[in-house]
Asker: 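After the structure tokens below, expect a handful of questions from me.
As a basis for the values below, the full set of heavy atoms in this structure was taken, side chains included, without hydrogen atoms, waters or symmetry mates. Since the structure is predicted, the reported quantities are computational estimates derived from the model, not experimental observations. Counting starts at 1 for both ligands and their atoms, following the listed order.
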Amino acid sequence: MAASSVKLNGTTYRRPQHPVVVVCIDGGDPAYFARGLKDGIVPNVKTFMEKGFSAVAEGTVPSFTCPNNMSIITGTPAARHGISGNFYLDTRSGEAVVMTGPELLRGDTILARFAEAGARVVSITAKDKLRRQLGKGLDLSGGSVSFSSECASRCTLAENGVEDALELAGMPQPEMYSMELSLFVLEAGIRLLERERPDLMYLSLTDWVQHKYAPREPEAMRFYAALDHAFGRLEALGAAVALTADHGMNDKSDAAGRPNVIWLQDLLDAELGKGDVRVICPITDAFVAHHGALGGFVRVWCTGKSKPRDVIAALQGLEGIEQVLDKATACRVHELPADREGDVVVISRAEVCVGGSESAHDLSGLAGHRLRTHGGVSEARVPFILSEPLNDAYRLIAATEALKSYRVFDYALNGTA
Ligand SMILES: [Zn+2]
């Protein structure tokens with residue numbers, strides 16, 4: 001007999017009576033829904049907002065994909081789950097360590113706990129690197145499913161819990177840089193909901209569209225209309241739908257279309273001596289074509305003679321910078337794991353991004369496009385929408401506490417009638 005609830009990190013999650021679907025709209029800045037509502041292209045989301053619950057929540061800073069997805073599926077800040085970016089610097093080896101695998105994720109996930117308790121869980125994401133992290137500890141032997149649209153054509157029963165993903169979605173293998181990579185996730189989720197009625201689904205998209213197109217552009221509108229249609233179908237199949245995002249997105253180019261970049265490594269090399277400190281851009285991964293590894297949040301490690309206070313002094317009053325924090329302050333303010341934090345954290349304003357050394361960033365992938373990216377505090381505001389209304393207890397909580405996006409499973413499972 002399956003358990004009626006699971007407990008994780010101090011929160012008890014009720015096992016749902018009918019399927020619950022949480023969708024993470026990668027890069028889903030609230031501006032896209034705002035524009036979509038104005039243009040009348042997201043009627044299902046409009047209904048959710050009117051009949052259910054809608055707010056703008058605070059996401060995890062740095063406002064990157066992995067930290068926020070891990071916050072959502074663990075129900076905790078990065079200080080607890082440990083994933084504070086794509087990279088941190090191992091000061092003993094001097095090597096940048098990649099954090100996008102499941103190995104560095106601390107503790108269990110809500111998905112794994114539910115599967116362990118006998119629930120059927122579905123986790124589908126766009127990129128396979130995230131699939132591995134989302135699938136940490138997820139036992140598929142009880143009928144749970146975990147795959148990525150990136151590797152949909154290569155699914156196996158043993159590894160993914162499904163082997164006919166292309167047939168299931170009724171779509172060809174999508175291109176890596178396409179809106180179909182996200183739409184495939186939703187389509188497969190809809191079909192699985194129809195076919196198998198799992199208890200809990202987590203569908204996590206990719207932000208290719210939002211990196212490339214502003215909310216007013218036709219491609220973005222087409223994408224949002226398609227998303228809305230899929231959300232409506234999920235609800236029509238009897239699921240409670242919860243929508244949030246890992247982070248927002250801001251245009252960080254100047255009037256001429258050139259990226260507004262502070263090259264922090266170059267700047268600190270000039271101020272403190274070449275190579276005295278090391279700047280790590282934790283947005284960097286294998287898929288940087290649409291952002292050139294430029295984001296709104298970088299870490300500085302003092303590997304030479306300079307002290308954190310020297311770095312902070314060198315950056316005081318610098319235009320375009322929103323926060324320069326020493327490690328202890330950054331960890332306290334943004335709830336970050338101290339053992340993976342730099343000596344100084346630098347966060348840029350909405351219209352500006354920070355990079356390392358100009359020569360180390362390849363911006364050729366941006367050709368012809370304005371730089372739209374994320375990472376800072378200004379991109380940590382995300383939609384938080386439920387298709388069902390809150391119960392009295394959660395209405396009170398929502399009215400009195402700052403709403404964190406990592407509470408989305410809590411709200412979806414415990415917060416409705
Ligand atoms: Zn993202």
Asker: Has H374 got an N, O or S atom lying less than 2.8 Å from the Zn ion (ligand 1)?
Answerer: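 Given the 2.8 Å cut-off, H374 does not count as a ligand of the Zn ion (ligand 1).
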Asker: Below 2.8 Å, any N, O or S contact between T65 and the Zn ion (ligand 1)?
Answerer: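 Here the distance criterion (N, O or S atom, under 2.8 Å) is met by T65, so yes.
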Asker: Strictly by ring-ring contact (aromatic ring centres under 6.0 Å, His included), give each pair with a member in residues 76-126 just once, sequence neighbours left out.
Answerer: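 Counting only pairs at least two positions apart or across chains, no ring-ring contact (aromatic ring centres under 6.0 Å, His included) contact touches residues 76-126.
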Asker: By ring-ring contact (aromatic ring centres under 6.0 Å, His included), which residues pair with F184, not counting sequence neighbours?
Answerer: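 Per chain and number, F184 pairs via ring-ring contact (aromatic ring centres under 6.0 Å, His included) with no residue.
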Asker: What is the name of the N/O/S atom of D246 that is nearest to the Zn ion (ligand 1)?
Answerer: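 Answer by atom name: OD2.
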Asker: Nearest 10°: the angle subtended at the Zn ion (ligand 1) by D26 OD1 and H247 NE2?
Answerer: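 Rounded to 10°, it measures 100°.
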Asker: Roughly how far apart are E103 CD and Q133 CD, rounded to 0.5 Å?
Answerer: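 These two atoms lie 8.5 Å from each other.
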Asker: Between F53 and F48, is the ring centroid distance below 6.0 Å?
Answerer: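 They do not qualify: ring centres at least 6.0 Å apart.
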